[in-house]
K.L.:
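Following this message is one structure expressed as structure tokens.
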Amino acid sequence: MTRSLDPVDMDKIVSLCKRRGFIFQSSEIYGGLGSVWDYGPLGAELKRNLKDAWWRANVYARDDVVGLDAAILMHPQTWVASGHVETFADPLVECQNCNQRFRPDQVLVSEVTDIQNNRLLGYASGFNREEVLSKSRPLLPKRMLVMFQATAPEPKPFQDYLGNTSKLPCPFCDTVGQLTDPRMFNLMLKTFLGPVEDTASLTYLRPETAQGIFVNFQNVLTTSRKKLPFGIAQTGKAFRNEITPGNFTFRTREFEQMEIEFFVRPGADDDWLTRWVNDRFHWYLSLGIRQENLRTRRHAKDELAHYAKDCYDIEYHFPWGWAELEGIANRTDFDLRRHAQFSGKDLSYYDDEAKERFYPYVIEPSGGVDRAALAFLVDAYDEEQIRSETRTLLRLHPDLAPVKAAVLPLSRNERLLPKAKEVYALLREQGARNIDYDDAQSIGRRYRRQDELGTPFCVTIDFQSLDDNAVTIRDRDSLEQLRLPIPQLPVLLAELLNHGWSAAPAHLKVTTGPPKDA
RNA sequence: GCGGGUGUAGCUCAGUGGCAGAGCAUCUGCUUCCCAAGCAGAGGGCCGAGGGUUCGAAUCCCUUCACCCGCUCCA
């Protein structure tokens with residue numbers, strides 16, 4: 001099965017999401033709210049299925065992880081301790097000539113001085129030492145160029161010049177005098193608790209769910225009676241004032257995370273990091289992401305977050321390029337120590353067997369629910385030619401598909417409807433799965449509609465059903481059909497949803513579906 | 001925030017001063033109808049908002065709002 005995605009397909013996916021009820025723009029009737037999205041009936045199912053699958057794999061299938069549901073609002077000191085108040089604010093400098101923006105802490109500046117005459121010749125700026133030094137050369141008079149190596153001006157951090165940025169050249173275009181003063185961008189959303197808006201009631205909407213886990217570390221440890229190594233899992237909303245949101249639901253200011261903080265003995269951290277990277281990578285594959293669209297990437301030292309010792313990203317090949325779905329970081333004992341320090345509470349761990357007390361290291365697999373949902377949508381999107389018509393379909397894994405099966409009478413003939421309703425009721429009996437019913441328009445049209453939603457199987461009631469009490473099941477991906485007695489339907493459908501069409505008994509198959517164009 | 005782009009039906013878009021349109025989608029009816037079938041019909045719009053020019057504005061001008069792409073990121 002060959003599928004390719006051009007960048008143009010992103011528009012098709014956005015359009016499909018709107019058209020079929022996966023994702024809507026927030027507050028659309030008021031003109032929309034930037035970078036915020038609502039999930040419609042099908043999107044809500046997809047997200048729910050996704051989170052359930054994550055929870056099953058990381059909590060139920062393991063004996064060393066327990067769940068948590070911490071509040072979005074936390075004591076403001078939490079964010080001082082975590083380092084977010086201090087570090088999560090980026091000062092940005094902008095060049096009014098080339099309109100590029102950069103963070104001062106990523107730029108170096110060199111003062112080029114004529115030492116003999118004690119005269120400032122100019123400044124050079126750039127992103128690394130070599131770049132700055134090479135830019136310094138043209139500023140130097142020939143006689144100094146000879147002794148350049150000896151008098152090479154050692155670059156200093158851009159931050160040292162924050163007071164007078166207007167004299168400096170832009171690190172991108174080297175234009176002098178077009179840099180703005182640094183502006184602070186605090187990425188945390190402020191809010192006020194209580195009816196009175198004063199600084200005493202100021203707190204934040206959490207920028208990550210992780211801190212809810214850290215502050216509950218001792219609570220969970222004592223009540224769950226877990227021993228190291230063990231983890232705490234939670235899904236929930238987080239908020240960041242992203243400077244540049246975009247790419248549909250990929251980077252938004254309100255988003256949902258699925259995070260695990262896995263506590264291990266110091267020294268075992270490197271090993272556990274590797275294991276988690278592997279586990280999480282295969283989780284995406286197990287739900288149908290194509291391997292060629294998934295990769296891991298280790299963070300370079302200089303891109304590590306303030307709390308991390310090591311970090312791997314799991315990246316997906318979106319139409320606009322590779323981008324992060326999940327980060328698996330070694331947060332060391334940074335968070336527990338900081339919270340112990342700021343709260344005055346002892347958050348260390350006592351190992352009964354080794355008779356020693358220490359601060360556990362933390363491995364953090366932290367994924368984005370919305371990003372994963374988008375990746376699964378993009379990866380599942382497909383178009384194929386059947387009888388010169390384009391069939392648009394989502395090849396979603398049955399676990400993720402918003403609708404598990406659709407019950408379709410061949411037509412709206414009054415003799416067919418009671419039998420169809422009967423089958424529909426039968427499949428809904430347990431209430432465990434989302435089953436659709438549709439009798440509008442032609443059967444072909446309804447198949448196509450279900451294909452577009454990613455419904456794995458369609459159950460069709462035809463006139464023969466009235467005689468033999470049997471129905472057909474049609475497979476979304478192969479278009480094959482099988483026929484079986486209605487009483488056996490619930491069991492076989494469950495079987496197919498769990499194991500896929502390959503679990504279908506060959507002797508039941510009745511058709512191979514319409515021919516696909518080459 | 002800066003630069004560029006776009007706002008017309010649920011979706012994709014045409015319309016550049018003279019009655020607001022097309023395709024698809026949606027809905028209804030008919031047909032023993034298995035892969036977007038046919039026939040007949042229907043609903044759906046303050047042309048993003050406000051102001052101006054004009055006999056007349058979706059169209060020209062001003063203002064404003066929103067969204068998209070890029071720039072810093074990291075779920």
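Within every chain, numbering begins at 1; the chains are lettered A, B, ... in the order of the sequence lines, protein sequences first and strands thereafter.
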K.L.:
Sugar-phosphate atoms are those with a prime plus P, OP1 and OP2; base atoms are the rest. Using that split, label each nucleotide of nucleotides 10-15 of chain B B, S or - for protein heavy atoms under 4.0 Å, 5' to 3'.
P.N.:
SS----

K.L.:
Determine whether more than 12 heavy atoms belonging to other residues, nucleotides or ligands lie under 6.0 Å from atom CG of A:D467.
P.N.:
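More than 12 heavy atoms, drawn from other residues, nucleotides or ligands, come within 6.0 Å of this atom.
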
K.L.:
So, are A:R483 and A:D462 salt-bridged, with charged N and O less than 4.0 Å apart?
P.N.:
yes

K.L.:
Applying a 3.5 Å limit to both distances, which nucleotide forms a Watson-Crick or G-U wobble pair with B:A58?
P.N.:
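When the pairing criteria are applied, nothing turns out to pair with B:A58, so the answer is none.
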
K.L.:
So, using side-chain hydrogen bond (donor to acceptor under 3.5 Å, both in side chains) as the criterion, who are the partners of A:R56 when residues are at least two apart?
P.N.:
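Here no residue qualifies.
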
K.L.:
B:C33, B:G70, B:C35: which one has an atom nearest the side-chain heavy atoms of A:S411?
P.N.:
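From the listed options, B:C33 comes nearest.
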
K.L.:
Pairing check on B:A40: which nucleotide meets the Watson-Crick or G-U wobble criteria with it, both distances under 3.5 Å?
P.N.:
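Answer to the pairing question: B:U28, which forms a Watson-Crick or G-U pair with B:A40.
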
K.L.:
Are a donor atom and an acceptor atom from the side chains of A:E259 and A:S366 found within less than 3.5 Å of each other?
P.N.:
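A:S366 and A:E259 do have a side-chain donor-acceptor pair below 3.5 Å.
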
K.L.:
Is the A:W276-A:Y312 ring centre distance short of 6.0 angstrom?
P.N.:
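A:W276 vs A:Y312: aromatic centres not under 6.0 Å.
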
K.L.:
Considering every strand shown, what is the Watson-Crick or G-U wobble mate of B:G70 when both distances are under 3.5 Å?
P.N.:
B:C2

K.L.:
To the side chain of A:R240, which of B:C34, B:C73, B:C74 is closest?
P.N.:
B:C74

K.L.:
Answer yes if the ring centres of A:Y361 and A:W272 are under 6.0 angstrom apart, and no otherwise.
P.N.:
no

K.L.:
Please list, for nucleotides 26-29 of chain B, all pairs of protein and nucleotide N/O atoms separated by less than 3.5 Å.
P.N.:
from  : atom 1 : to     : atom 2 : distance (Å)
B:U26 : OP1    : A:R449 : NH1    : 2.2
B:U26 : OP2    : A:Q441 : OE1    : 3.4
B:G29 : OP2    : A:R412 : NH1    : 2.7

K.L.:
Do A:R474 side-chain and B:C35 base share a donor-acceptor contact under 3.5 Å?
P.N.:
yes

K.L.:
Would you say the side-chain atoms of A:T460 and A:Y447 include a donor-acceptor pair closer than 3.5 Å?
P.N.:
yes

